[in-house]
Amino acid sequence: MRTDHFLVGFTSGLIAPLIGFYFYYQLFFAYMGFQSFYKHVSSSDKLISVLSIGVILNLVLFFIFYQTEKDRSLKGVVGATFMYAFLVLYYKMIR
């Protein structure tokens, strides 16, 4: 399978923040169920903040693709990161 492809980077860039969101849940809120955690975070208007913390994992992906010279995948990660950034800006503007 060819790993230097835009969709590989874009997909991994979309999934990595969700994994970070789950790690945050496991680290700080494992005592409650995942649905309860999601309701708690969304009702306290911290959903975007917690998801933004997960975007830090995209930085790890960025450096992995940069070091292995997978430029097309690198562009996909940057594209996914910008998508999350626009989502955060949109959310902040409507709130």
Side-chain angles (χ1 to χ4, degrees):
M1 184 174 145
R2 190 172 142 205
T3 58
D4 189 16
H5 195 273
F6 180 83
L7 284 178
V8 170
F10 191 75
T11 304
S12 60
L14 289 178
I15 293 172
L18 299 176
I19 293 171
F21 184 79
Y22 184 74
F23 282 150
Y24 181 82
Y25 158 70
Q26 285 294 322
L27 192 61
F28 297 111
F29 294 95
Y31 60 89
M32 64 172 61
F34 189 76
Q35 288 180 338
S36 300
F37 164 70
Y38 182 78
K39 287 179 185 176
H40 169 71
V41 171
S42 61
S43 68
S44 63
D45 288 335
K46 296 195 188 293
L47 180 63
I48 293 296
S49 300
V50 174
L51 193 60
S52 297
I53 291 170
V55 174
I56 292 173
L57 290 180
N58 279 359
L59 187 61
V60 174
L61 287 173
F62 178 88
F63 283 116
I64 289 171
F65 288 136
Y66 179 76
Q67 291 295 323
T68 58
E69 298 179 358
K70 308 257 191 228
D71 295 334
R72 292 183 187 120
S73 297
L74 179 81
K75 290 176 186 178
V77 171
V78 171
T81 304
F82 273 112
M83 193 179 98
Y84 274 110
F86 289 131
L87 178 71
V88 168
L89 286 174
Y90 175 75
Y91 182 79
K92 297 284 184 175
M93 287 175 58
I94 62 170
R95 290 269 167 175

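Positions are given from 1 along the sequence. All values derive from a computational prediction rather than experimental measurement.
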Next on the checklist: Parallel, tilted or perpendicular, judged at 30° and 60°: which one describes the rings of F34 and F37?
Outcome noted: tilted
Item to check | Minimal non-hydrogen separation, F65 against S12, with atom names | outcome: CE1-OG, 3.9 Å
Checklist entry - Taking only residues at least two apart or on different chains, which pairs with a member in residues 18-29 satisfy side-chain hydrogen bond (donor to acceptor under 3.5 Å, both in side chains)? => result Y22-Q26
Next on the checklist: Listing request: all side-chain hydrogen bond (donor to acceptor under 3.5 Å, both in side chains) pairs with a residue in residues 71-81, at least two apart in sequence or in separate chains.
Outcome noted: N58-T81
Checklist entry - Excluding sequence neighbours, so at least two apart, what forms ring-ring contact (aromatic ring centres under 6.0 Å, His included) with Y84? => result none
Next on the checklist: What I'd like to find out is whether the side chain of I15 reaches to under 4.5 Å of the side chain of I19, using heavy atoms alone.
Outcome noted: yes
Checklist entry - How long is the span from the CG atom in L14 to the CE atom in M83, to the nearest 0.5 Å? => result 4.5 Å
Checklist outcome for this item: Scanning both residues in full, the closest heavy-atom pair of A80 with G13 reads CB-C, 3.5 Å
Next on the checklist: Hydrophobic clustering (ILVMFWY, side-chain heavy atoms < 4.5 Å, transitive) - are V50 and Y91 grouped together?
Outcome noted: no
Item to check | Side-chain donor/acceptor of S43 to backbone N/O of H40, under 3.5 Å | outcome: yes
Checklist entry - F21 vs Y38 aromatic rings, parallel, tilted or perpendicular, using cut-offs 30° and 60°? => result perpendicular
Checklist entry - Would you say V77 and L59 are hydrophobically clustered, going by side-chain heavy atoms of ILVMFWY under 4.5 Å? => result yes
Checklist entry - How close do I48 and K92 get, heavy atom to heavy atom, and via which atoms? => result CG2-CE, 4.4 Å
Checklist entry - Rounded to the nearest 0.5 Å, what separation is found between the NZ atom of K70 and the CD1 atom of I64? => result 11.5 Å
Checklist entry - Is F86 atom CZ crowded by more than 12 heavy atoms from other residues, nucleotides or ligands, each under 6.0 Å away? => result no
Item to check | L74 and L61, any side-chain heavy atoms less than 4.5 Å apart | outcome: no
Checklist entry - Where is the tightest heavy-atom contact between L47 and S42, given as atom of each residue plus distance? => result CB-CA, 4.2 Å
Checklist entry - Under 4.5 Å between side-chain heavy atoms, hopping through other hydrophobics if needed: is there a path connecting F82 to L57? => result no
Item to check | Y66 atom OH, neighbour heavy-atom count above 12 within 6.0 Å | outcome: no
Checklist entry - If you group Ile, Leu, Val, Met, Phe, Trp and Tyr by side-chain heavy-atom gaps below 4.5 Å, do M93 and V88 land in one group? => result no
